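Every value quoted in this text rests on a predicted model; they were computed, and no experiment measured them. As the structure lists them, so they are numbered: ligands from 1, and atoms in each ligand from 1. In what follows, every heavy atom counts, from backbone to side chain, and hydrogens, waters and symmetry copies are set aside.
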Amino acid sequence: REDVQARTITEDGRIFMEKAARDGLETVWDRYRAQQPQCGFCELGLSCRNCSMGPCRIDPFGEGPQRGVCGADADIIVARNLGRMIAAGSASHSDHGRDLVEVLRKVGEGKAPGYGIRSEEKLRKLASELGVSEDGQSVEALAVAVAEALEEEFGTRKKALAFVGRVPEKRRRIWEKLGITPRGIDRETSEMMHRTHMGVDNDWKSLLLHGLRNALSDGWGGSLIATEVSDILFGIPQPVASEVNLRVLKEDQVNIVLHGHNPIVSEMIFQAAQDPELMGLAEEKGARGINLAGLCCTGNELLMRRGIPMAGNHLMTELALSTGLIDMMLVDYQCIMPALGETARCYHTRMVSTSDKAKYPFMEHREFHPENARDLARDLVREAVENFVRRIPAKVLSPPGAPVKMMAGFSVEAIVSALGGSAGPLIDAIKSGAIQGAVGVVGCNNPKIRHDYGHVTLTTRLIENDVLVVDTGCAAVAHAKAGLKVPEAAEKAGPGLRQVCRALGIPPVLHMGSCVDNVRIFDLAAALAHALGTDISDLPLAAAAPEWYSEKAVSIACYAVASGVYTVLGTPPPIFGSQNIVKLLTEDLEGLLGASFAVEPDPARAADLILERIRAKRAALGL
Ligand code: NFS
Ligand code: SF4
């Protein structure tokens with residue numbers, strides 16, 4: 001019992017951790033415990049297996065070897081390892097973006113039945129940014145032309161990515177001076193893999209600079225494309241009411257859970273679930289309807305655009321299965337624990353993988369392509385409905401109580417329209433001090449940190465101090481579960497922020513989407529900087545990832561800092577084996593980029609660091 005309390009702050013988490021234990025399941029927390037003690041060399045970033053003369057490790061106490069077989073020292077090994085984490089994270093976001101570009105092209109070519117252009121406005125905006133002529137083009141032809149221009153962003157033709165044009169002038173100069181302006185998206189990742197091969201880049205400083213460039217190719221490239229093309233295909237999010245936690249699963253309905261990241265599959269399932277014939281079939285089977293719920297970021301995508309409720313965040317994915325209520329779980333890619341398939345075997349749940357590049361043990365593989373997506377989605381929803389009658393009553397536990405209410409859908413466009421058409425009122429509120437600053441609290445869960453504790457503690461402190469919080473990803477779900485995403489949560493904010501939220505009818509913690517949607521936060525920051533004629537690093541802003549676990553989060557943190565935003569990490573990254581690198585990232589970057597990293601596992605102390613930063617930035621602006 002005590003153990004369960006120490007693992008999560010959420011009630012549904014505790015209830016279903018106990019249920020999972022009764023059902024004999026192994027969870028992420030059990031496996032984490034079984035891994036103790038974890039490797040100290042790896043924790044410090046001091047182990048290398050980049051070649052077959054190794055593996056090698058550096059003794060952090062200075063007694064054992066200080067160089068690998070090739071001669072690499074601690075600085076080189078830590079920098080190479082960090083570089084490869086960034087490359088993997090950037091590649092993940094960018095490959096997700098590429099999949100959307102493929103759908104956009106197929107829509108234009110008339111080869112993607114069921115998909116369409118939901119936001120012509122955004123398609124035209126992108127066309128003009130990319131220098132694609134709109135003259136006399138049909139929407140379909142324009143979609144193909146924009147898709148082609150975006151495909152080129154992935155390649156090597158350009159000196160700089162097109163979307164660098166969104167970045168304030170001063171920031172672009174900084175990147176040019178440091179030589180970190182991102183070029184082709186794939187090029188930066190590929191070059192990172194090259195540089196970290198044995199015997200290539202052995203200057204830890206130049207490796208880290210390329211790491212920043214690689215991360216920028218994600219933030220102002222791959223992730224940005226993922227978000228913008230999702231808006232074109234599925235619509236720009238607008239404020240929407242919904243609900244969160246395991247109680248969104250309904251005992252009397254067919255429950256289909258969507259887990260993963262890319263809205264390409266989940267949007268088709270959403271459409272199929274509206275089909276009157278399939279709804280009729282559900283009734284025939286004795287269900288009161290077809291209930292969709294999300295997990296992780298594909299859930300966030302559906303929540304933002306369709307108001308689909310969220311069952312939970314990263315550490316809740318196994319526990320969701322232990323309700324015994326999920327008739328089908330569909331996954332695409334990223335953050336889907338390979339343990340899930342086996343866990344589901346304890347219940348009647350059908351587990352279905354959908355992407356040609358992501359297969360899992362004990363899951364059925366039903367591959368989605370733009371051409372077959374509409375029909376396959378219908379088949380799968382039908383099969384989920386048919387599976388409803390196979391629930392195992394002895395293994396079902398309906399979560400007691402009601403879900404928590406929340407609001408989502410705060411795209412930049414939605415925020416600007418809530419403000420009455422421009423960012424002016426937000427700038428005025430920051431100038432007057434009603435809002436002291438804004439912070440993006442983002443990222444994952446990690447069993448090293450009490451589930452949701454980092455997010456909720458930090459964010460509560462920030463809003464109490466009149467700091468507006470914007471969030472994405474699993475952090476956003478944590479905040480929603482804690483009740484911070486309803487307009488009434490303004491009561492928990494300081495007096496200035498409370499008044500602003502009441503006047504606008506918005507919560508003090510604004511849901512901006514999935515993790516690729518972190519680019520929305522930077523779009524907003526760039527717009528504020530433009531409006532004030534300054535650089536992003538001059539604004540009273542910060543970012544935090546209190547419970548991050550993934551390589552994608554490393555890439556996000558690096559493009560945040562390179563974009564001029566001070567970033568506090570809760571989980572320590574594997575860099576502490578090199579004092580040089582720790583000093584560069586936490587101190588010296590400040591002079592180069594106007595922003596740096598901090599590492600602070602205690603979220604209350606992280607809040608203090610951020611508040612101090614915001615005060616200093618306000619003072620420098622004369623506020
Ligand atoms: Ni982001 Fe989303 Fe969650 Fe972390 Fe994973 S789901 S893309 S990586 S764990 S926030
Ligand atoms: Fe060892 Fe160098 Fe090979 Fe790494 S690259 S495994 S440090 S020999």
Side-chain angles (χ1 to χ4, degrees), residues 28 41 45-58 65-81 83-85 88-90 92-97 195-202 207 218 222-223 226-227 258-263 294-304 310-317 331-337 440-447 449 451-452 454-455 471-479 511-519 544-557 569-571 577:
V28 63
F41 296 100
L46 286 175
S47 51
C48 179
R49 45 175 186 74
N50 287 10
C51 89
S52 179
M53 295 190 287
C56 305
R57 52 194 189 178
I58 304 298
Q66 296 300 298
R67 286 173 191 281
V69 177
C70 67
D73 62 12
D75 297 331
I76 294 170
I77 290 177
V78 170
R80 282 197 305 217
N81 289 339
R84 287 197 168 194
M85 287 184 94
S90 177
S92 304
H93 287 141
S94 303
D95 204 39
H96 160 174
R195 284 182 188 236
T196 52
H197 186 281
M198 196 314 262
V200 185
D201 197 353
N202 289 291
L207 274 166
D218 173 359
S223 279
T227 290
L258 298 143
H259 178 14
H261 283 79
N262 201 318
L295 284 170
C296 291
C297 283
T298 210
N300 279 321
E301 300 271 355
L302 280 176
L303 165 68
M304 290 286 284
M310 283 296 280
N313 47 9
H314 178 53
L315 287 188
M316 293 303 290
T317 56
V331 307
D332 50 65
Y333 42 54
Q334 299 171 15
C335 304
I336 295 146
M337 291 190 229
V441 180
V442 305
C444 325
N445 297 136
N446 186 324
I449 291 172
H451 173 229
D452 286 359
H455 298 304
D471 59 7
T472 59
C474 292
V477 181
H479 298 148
H511 197 323
M512 293 191 76
S514 63
C515 287
V516 292
D517 291 338
N518 280 316
V519 303
E547 306 178 29
W548 74 274
Y549 94 89
S550 88
E551 291 165 319
K552 292 178 288 174
V554 177
S555 178
I556 294 167
L569 302 175
T571 324

Please confirm whether A553 approaches ligand 1 to less than 4.0 Å, judged on its heavy atoms.
no
Rounding to 0.5 Å, atoms CE (M85) and OG1 (T196) come to a distance of 13.5 Å
Should you measure from each heavy atom of G443, which atoms of ligand 1 turn up under 4.0 Å away?
10 (S)
Report yes if the side chains of I58 and D73 come closer than 4.5 Å at any heavy-atom pair, otherwise no.
no
Given the rule in the side chain to side chain donor-acceptor pair (under 3.5 Å) test, do H96 and K552 qualify, once you have shown the distances and angles that lead to the verdict?
CA-CA 12 Å; H96 160 174; K552 292 178 288 174; over 6 Å; no
Would you mind checking which non-hydrogen protein atom is closest to atom 5 (Fe) of ligand 1, with the distance to 0.1 Å?
C335 SG, 2.3 Å
At a 4.0 Å threshold, what atoms of ligand 1 neighbour a non-hydrogen atom of H314?
9 (S)
For atom 3 (Fe) of ligand 2, grab the closest protein heavy atom and report residue, atom and distance to one decimal in Å.
C51 SG, 2.3 Å
Under a 4.0 angstrom heavy-atom cut-off, which atoms of ligand 1 come close to C515?
1 (Ni), 2 (Fe), 7 (S), 10 (S)
Relative to the heavy atoms of C444, which atoms of ligand 1 are at a distance of less than 4.0 Å?
4 (Fe), 8 (S), 9 (S), 10 (S)
Could you list the atoms of ligand 1 found under 4.0 angstrom from a heavy atom of S550?
8 (S)
I need the nearest protein heavy-atom contact for atom 4 (Fe) of ligand 2: residue, atom name and distance, please.
C48 SG, 2.3 Å
With a 4.5 Å limit on heavy-atom distance, are the side chains of H511 and D471 in contact?
yes
Below 4.0 angstrom from a heavy atom of R80, which ligand 2 atoms are there? Numbered from 1 as shown, please.
2 (Fe), 4 (Fe), 5 (S), 7 (S)
Taking all heavy atoms of C444 and all of C474, pick out the closest pair and write down the distance.
CA-CB, 3.9 Å
Side-chain contact test, heavy atoms from C-beta onward, threshold under 4.5 Å: evaluate it for C296 versus H314 and give yes or no.
yes
Answer yes or no: are there more than 12 heavy-atom neighbours, outside R57 itself, under 6.0 Å from its atom CZ?
no
With a 4.0 Å cut-off on heavy atoms, does Y549 reach ligand 1?
yes
Heavy-atom pair of closest approach, residues C56 and G54:
SG-CA, 3.6 Å
Are any non-hydrogen side-chain atoms of N445 and E547 less than 4.5 angstrom apart?
yes
Counting non-hydrogen protein atoms only, what is the nearest one to atom 2 (Fe) of ligand 2? Give residue, atom name and distance.
C70 SG, 2.3 Å
Got the closest protein heavy atom to atom 3 (Fe) of ligand 1, with its distance?
C474 SG, 2.3 Å
Please examine the side chains of L315 and P447, heavy atoms only from C-beta on, and report whether any two atoms are closer than 4.5 Å.
yes
Can you list the ligand 2 atoms lying under 4.0 Å from a non-hydrogen atom of G54?
1 (Fe), 6 (S)
Here the atoms of ligand 1 under 4.0 Å from any heavy atom belonging to C296 are 6 (S)
Going through the checks in order, is the side chain to side chain contact (heavy atoms under 4.5 Å, CB included) test met by Y549 and T571?
CA-CA 7 Å; Y549 94 89; T571 324; over 6 Å; no
Answer side chain, backbone, both or neither: which part of R67 comes under 4.0 Å from ligand 2, heavy atoms only.
neither
Show which atoms of ligand 2 fall inside a sub-4.0 Å distance from at least one heavy-atom site of M198.
5 (S)
Please examine the side chains of T317 and I336, heavy atoms only from C-beta on, and report whether any two atoms are closer than 4.5 Å.
no
Just to confirm my output: which protein heavy-atom neighbour is closest to atom 7 (S) of ligand 1, and how far is it?
H261 NE2, 2.8 Å
Starting from atom 1 (Fe) of ligand 2, find the nearest protein heavy-atom neighbour and note its residue, name and distance.
C56 SG, 2.3 Å
